[in-house]
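Quick caveat, the model's predicted, so the values are computed rather than measured. Every heavy atom of this structure was used, including side-chain atoms; hydrogens, water molecules and symmetry mates were not.
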Amino acid sequence: MNTKYKDSIVNLRDELMNLAHFGIEGNEDALSYFENDGYNTSELIPHIKDELYNHNEFKGEHPLIPYASNEGRRMLINTVKILNHRWIIANFSDGEYWGEIFLKYWVTEDKTIEFNLVESFLYPFD
């Protein structure tokens with residue numbers, strides 16, 4: 001194999017490992033936390049994301065995004081990254097304004113997912 005391509009593959013692998021470092025999929029301790037409670041993480045993780053995206057369906061202002069949307073638009077969560085068994089980061093937008101939120105979450109005894117906004121910011125705009 002060409003040395004140039006081999007180096008590129010190694011660099012891409014290293015970059016992928018760095019990106020996966022802060023994500024639940026690569027965090028054995030976080031996965032074990034749920035598995036020890038009897039959860040199938042391959043089902044639970046998508047369920048957590050779906051529950052967060054379901055908040056986009058609320059009428060009026062978004063219940064987790066503390067910023068008003070531009071007239072005629074709605075703030076919606078776009079991308080979600082579950083960091084571990086307690087923390088999530090997500091970005092949001094109304095198509096004109098963008099920001100990010102940091103959430104704590106937990107799975108309750110009745111298997112519902114609860115979210116708590118910890119921090120947020122809106123990117124500066126012109």
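I101 pairs with exactly one of I77, N91, I89 by the side chain to side chain contact (heavy atoms under 4.5 Å, CB included) rule, that one being I77.
Looking only at side-chain heavy atoms (C-beta outward), I65 and S120 stay at 4.5 Å or farther from each other. You'll find the side chain of E35 stays beyond 4.5 Å of the side chain of D37, heavy atoms only. Side-chain contact between M75 and Y97 is present, with heavy atoms from C-beta onward closer than 4.5 Å. Within the 4.5 Å cutoff, no side-chain heavy atoms of L103 are placed close to those of V118. A 4.5 Å side-chain heavy-atom check between T79 and F92 finds every atom pair outside the cut-off. Residues I48 and E51 form no side-chain contact, since every pair of their non-hydrogen atoms from C-beta on lies 4.5 Å or further apart. Side-chain contact between E100 and Y123 is present, with heavy atoms from C-beta onward closer than 4.5 Å.
Scanning all heavy atoms of the two residues, the minimum distance from T112 to D110 falls at OG1-OD1, 2.9 Å. Heavy-atom minimum distance, Y67 versus L122: OH-N, 3.6 Å. What you find for E57 and R74 is that their closest heavy atoms are C-NH2, 3.9 Å. Closest heavy-atom contact between T41 and L31: CG2-O, 3.7 Å.
Taking NE2 of H62 as the reference point, atom CG of L117 lies at 10.5 Å (rounded to 0.5 Å).
Atom CD of E71 has 12 or fewer heavy atoms from other residues, nucleotides or ligands within 6.0 Å.
Hydrophobic clustering, with ILVMFWY side chains joined whenever heavy atoms are under 4.5 angstrom apart, keeps L52 apart from L76. Note on W106: it does not cluster hydrophobically with L44, by side-chain heavy-atom contacts below 4.5 Å among ILVMFWY residues. The cluster map of Ile, Leu, Val, Met, Phe, Trp and Tyr, joined by side-chain heavy atoms under 4.5 Å apart, puts I88 and F58 in different clusters.
Here the two rings, on F102 and W87, have centers that are under 6.0 Å apart. Residues F115 and H55 place their aromatic rings such that the two centres sit under 6.0 Å apart.
Put simply, the side chain of N84 never gets that close to the backbone of A30: no donor and acceptor are under 3.5 Å apart. Counting only distance, with no hydrogens or angles, the side chain of N36 and the backbone of S32 share a donor-acceptor pair below 3.5 Å. With R73 contributing its side chain and D94 its backbone, the two residues share a donor-acceptor pair below 3.5 Å.
Residue pairs meeting the ring pair (Phe, Tyr, Trp, His ring centres under 6.0 Å) criterion with at least one partner in residues 26-53, sequence neighbours excluded, are Y33-H85.
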